[in-house]
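Heads up, the thing below is written out as structure tokens.
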Amino acid sequence: MIAPSPFKGRGRKNFPFRALGLAGPCGMSADDECGRAPEASADPMSDEPNDLDPNTPPRQPSPPRDPQAALADPALASAPEATPPAPEPMPEPAPEPARKPFWRRHIWLIGAVAAVVLVVALVATLFWSLPLSRALEPLNNSAIVLVASDGSPIAKRGSYKEAPIDATKLPPYVPGAFIAIEDRRFYSHMGVDPKAIARALGKNAQAGGVSEGGSTITQQLAKNAFLSSDRNLRRKAQEALIAVYLEARLSKAEILSRYLSSVYFGDGAFGLRAAARHYFGKQPEQLSIGEAAMLAGLVKAPSRLAPTNNLEGARERMRVVLGAMVETGTITQEQADAVGDVSPIEVEDKVPTGSYFADWALPQARASIGPRYGETIVRTTLDPKLQEKAEKILNDFIERDGKVLNITQGALVAMRKDGRVVAMVGGRDYKQSQFNRADGERQPGSSFKLFVYLAALREGMTTTSPILDTPVQVSGYMPKNHEGKYRDREIPLISAFAASSNVAAVRLAHDLGPAKVIKVARDLGITEKIPNDLTMALGTGSMSLTRLTAAYASVAAGEYPIVPHALETFSKPKTTAYDPKVLAGMRDLLRSATHRGTGLEAAIDGAYGKTGTTQNYHDALFVGYVDDLVVGVWVGNDDNSPMNGVVGGGEPAKIWKAFMLSALGRDVALRPAEDPLEDLGLPLEGEIGPDGLPVAPLTVPAEPATPAAPNSGVPQAPPPAEPRP
């Protein structure tokens with residue numbers, strides 16, 4: 001038998017038969033390998049490629065052996081099969097990288113497209129939502145004529161705009177005048193006129209400044225209706241975009257109608273209808289050629305060329321417009337030559353433009369009527385006679401005493417007990433200063449004690465409840481009475497209020513708690529910030545004289561809050577009635593201050609009130625009422641400099657008294673025949689002077705004892721003190 005080939009098994013495929021030029025096993029070449037098909041290796045350690053690498057392609061099988069040949073040649077049958085050499089391994093191709101999705105490869109492009117689409121959609125939405133009728137709407141600051149309670153005009157405010165016009169119903173020369181001077185190619189451009197812009201740029205370059213504009217009528221409409229009048233590239237770009245949009249949405253007639261209904265003509269007149277009525281007293285359909293030309297000429301510089309202020313300038317500009325109308329064929333040269341001197345109508349009684357009361361009443365009037373066409377007459381609560389008296393009396397006192405007392409300004413507000421303001425003086429001269437001191441915020445001083453004592457009465461105290469009038473220190477705060485004068489004992493509330501004791505007010509605020517005092521002030525209509533500490537008892541929080549006076553009006557009315565108002569059509573809000581005991585006690589306190597306390601200078605029959613003086617004499621006030629007339633007076637200086645010892649019981653009380661006597665028709669102040677406080681059963685504490693100090697007691701002195709003989713060694717009593725005036 002033939003021995004098995006030593007090359008069968010491991011390593012057989014690696015022997016380099018062909019490389020050495022030798023025959024393979026059985027004397028055959030390596031290519032034949034005994035002509036037998038390869039056998040699968042039974043060796044578990046075989047290195048056959050198919051055994052090790054599943055990716056190796058399988059070998060081609062050898063042709064099947066002929067069984068007859070094997071029988072004829074036993075040696076051939078028993079010879080081992082030669083394994084063909086393994087094919088050379090093919091290099092594996094590099095794996096092709098996975099291809100990214102389109103959206104990941106071009107994400108920047110998709111983002112850019114999305115941004116562009118978003119911007120276009122946003123711009124389209126904004127354009128589509130533009131209120132195209134805005135130019136036809138009435139003005140928010142429509143003209144208002146404020147009249148007094150007797151119907152006499154007191155002020156005219158706001159801009160004048162009439163109802164919209166239809167350009168197609170006007171004489172052809174009326175819109176033709178505006179087209180000739182403002183936009184000759186109005187009917188041919190699409191909102192923007194490149195030729196006009198180029199011409200304007202050239203002329204402006206020659207002039208070295210802005211001498212001519214290139215805006216079309218459509219651009220002017222876009223600016224008037226939707227944009228500001230700022231001159232910058234951004235606004236001009238917006239103007240051009242909106243103009244193109246308007247041209248796409250509206251007809252030329254609609255654009256012209258909106259333009260003529262909203263353009264400004266000076267003197268507060270907006271729109272052609274308002275201008276025609278204001279300057280010529282007629283409707284735009286009735287304008288002559290010269291009047292139409294003059295109005296068209298105003299558009300360039302309405303404030304400077306208004307014929308009511310610059311008639312010659314308006315006429316000169318009118319001639320320029322007439323020449324343009326001839327050039328465009330709107331009118332003939334004969335028609336232009338036939339135009340004479342055009343003049344506006346004369347207004348004999350010119351309504352005042354403003355006053356302190358008008359400034360205060362105007363916001364209320366605007367809120368009551370809203371936007372409207374034309375002029376709206378609004379009746380107010382002002383009493384012209386009382387207003388005249390208030391202005392004269394306040395100025396006379398300051399003119400007489402102001403230099404000595406260092407008083408330069410004052411304010412007075414008078415109202416009925418239901419809040420109707422009948423007079424308001426916000427300063428000495430409205431032309432010099434429009435700041436309304438009657439509505440400005442200043443410290444009220446001791447006049448704030450109204451709220452402190454009302455809080456005490458609400459908590460069950462009475463006018464006779466005792467309160468210490470001695471020096472006090474609370475949480476490090478040491479209030480002091482005026483000039484350091486104290487009673488050094490318990491006194492009834494009514495005496496403390498009449499004397500305007502600071503320490504008593506602070507003790508009350510401490511015992512009650514500041515929150516209760518603040519609540520009373522809020523209930524009575526005080527809206528300003530109030531300090532949440534004990535200093536508030538002395539009026540350290542600023543508030544307006546008008547609201548403070550309204551709080552005192554609530555005591556006169558017996559209900560709260562009282563809302564000060566300027567219109568006859570005011571709707572009274574819901575109010576709350578005072579508790580009868582609280583109301584009676586508060587009225588007694590106010591009466592004591594006027595007739596026996598710091599307000600003696602204001603003492604007239606039926607007067608109730610309270611003084612107020614701030615630290616270092618910066619402010620001095622008196623607020624009070626008689627019958628249904630409630631008046632508040634303030635004096636001081638705008639620079640907050642101190643006055644020369646002026647207290648609320650001094651100059652303010654005198655002004656209050658003089659005005660009240662005049663308003664009530666009384667020539668002389670009548671002193672009460674009887675003490676109005678006798679029925680309270682209170683011990684006489686003596687009167688308190690305007691400076692807050694007690695005058696000599698009103699008790700009758702006992703019979704003087706027989707004086708001791710001189711030089712008898714018995715000490716003699718000093719002479720009695722003289723009563724203070």
Side-chain angles (χ1 to χ4, degrees), residues 445-450 452-454 456-457 461-469 481-483 485-505 508 552 555-556 583-613 620-627 631 633 647-654 656-657 660-661 668-701 721-725:
S446 292
S447 58
F448 185 86
K449 292 173 182 175
L450 168 78
V452 179
Y453 282 78
L454 264 176
L457 296 176
M461 299 182 73
T462 67
T463 57
T464 58
S465 297
I467 190 75
L468 276 173
D469 186 34
N481 284 351
H482 185 68
E483 295 190 357
K485 302 294 184 180
Y486 306 89
R487 302 293 181 88
D488 292 325
R489 56 185 172 85
E490 285 186 342
I491 58 175
L493 284 188
I494 194 168
S495 297
F497 188 85
S500 196
S501 170
N502 289 338
V503 294
L508 283 175
Y552 278 76
V555 181
L583 181 62
M586 195 67 244
R587 287 175 174 173
D588 287 339
L589 296 178
L590 293 174
R591 186 170 54 176
S592 70
T594 304
H595 293 284
R596 297 174 60 185
T598 56
L600 276 175
E601 289 289 352
I604 60 175
D605 192 26
Y608 299 79
K610 182 71 181 72
T611 59
T613 309
L621 305 91
F622 187 87
V623 188
Y625 67 91
V626 176
D627 298 333
V631 180
V633 178
V647 295
E651 200 76 358
K654 295 175 183 178
W656 184 93
K657 179 179 179 179
M660 190 65 77
L661 289 174
V668 182
L670 301 177
R671 283 281 184 173
E674 298 179 357
D675 186 348
L677 303 179
E678 284 182 349
D679 58 339
L680 298 178
L682 300 175
L684 287 175
E685 294 290 339
E687 293 180 340
I688 308 298
D691 57 357
L693 303 178
V695 299
L698 298 180
T699 54
V700 180
E722 292 291 331
R724 299 184 61 179

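Numbers for residues simply follow the sequence, beginning at 1.
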Leu450 side, atom CG; Lys610 side, atom NZ - distance, nearest 0.5 Å
10.0 Å
Gly609 backbone acceptor or donor facing Thr594 side chain under 3.5 Å
yes
Working to the nearest 0.5 Å, report the span between CD1 of Ile491 and OG of Ser465.
12.5 Å
Nearest-0.5 Å distance, CG of residue Leu621 to OG1 of residue Thr611
9.0 Å
Under the rule for side-chain contact (heavy atoms from CB on, under 4.5 Å), what residues qualify as partners of Ser501, not counting sequence neighbours?
Asp469, Asn481, Ala496, Val503, Ala504
Test side chain to side chain donor-acceptor pair (under 3.5 Å) applied to Asn502 - qualifying residues, sequence neighbours left out
Lys449
Residue list, ring-ring contact (aromatic ring centres under 6.0 Å, His included) with Tyr453, at least two apart or on another chain:
Phe497
With sequence neighbours excluded, residues passing side-chain contact (heavy atoms from CB on, under 4.5 Å) with Ala620
Val635, Met643, Val646, Pro652
Shortest non-hydrogen contact between Tyr552 and Leu590, atoms and distance
CE2-CD2, 3.7 Å
Could you tell me which residues satisfy side-chain contact (heavy atoms from CB on, under 4.5 Å) with Leu583, sequence neighbours excluded, listed by chain and number?
Val555, Tyr578, Arg587
Heavy atoms of Val452 and Leu508 approach each other most closely as CG1-CB, 3.9 Å
What's the separation between atom CD1 in Ile467 and atom CD1 in Ile494, rounded to the nearest 0.5 Å?
14.5 Å
CZ-CD distance between Phe622 and Glu651, expressed to the nearest 0.5 angstrom:
14.0 Å
Considering all heavy atoms of both residues, which atom of Ala607 and which atom of Trp656 are nearest to each other, and what is their separation?
CB-CH2, 3.9 Å
Minimum heavy-atom separation for Glu490 and Pro466, please, with both atom names.
OE1-CB, 3.6 Å
Nearest heavy-atom approach of Lys657 to Glu601 is CD-O, 2.9 Å
Which pair of non-hydrogen atoms, one from Ala499 and one from Arg487, has the smallest distance, and what is that distance?
CB-NH2, 4.2 Å
Rounding to 0.5 Å, atoms CG (Leu493) and OG1 (Thr462) come to a distance of 6.5 Å
Verify the distance criterion only: is there a donor paired with an acceptor across the side chains of Thr598 and Ser500 at less than 3.5 Å?
no
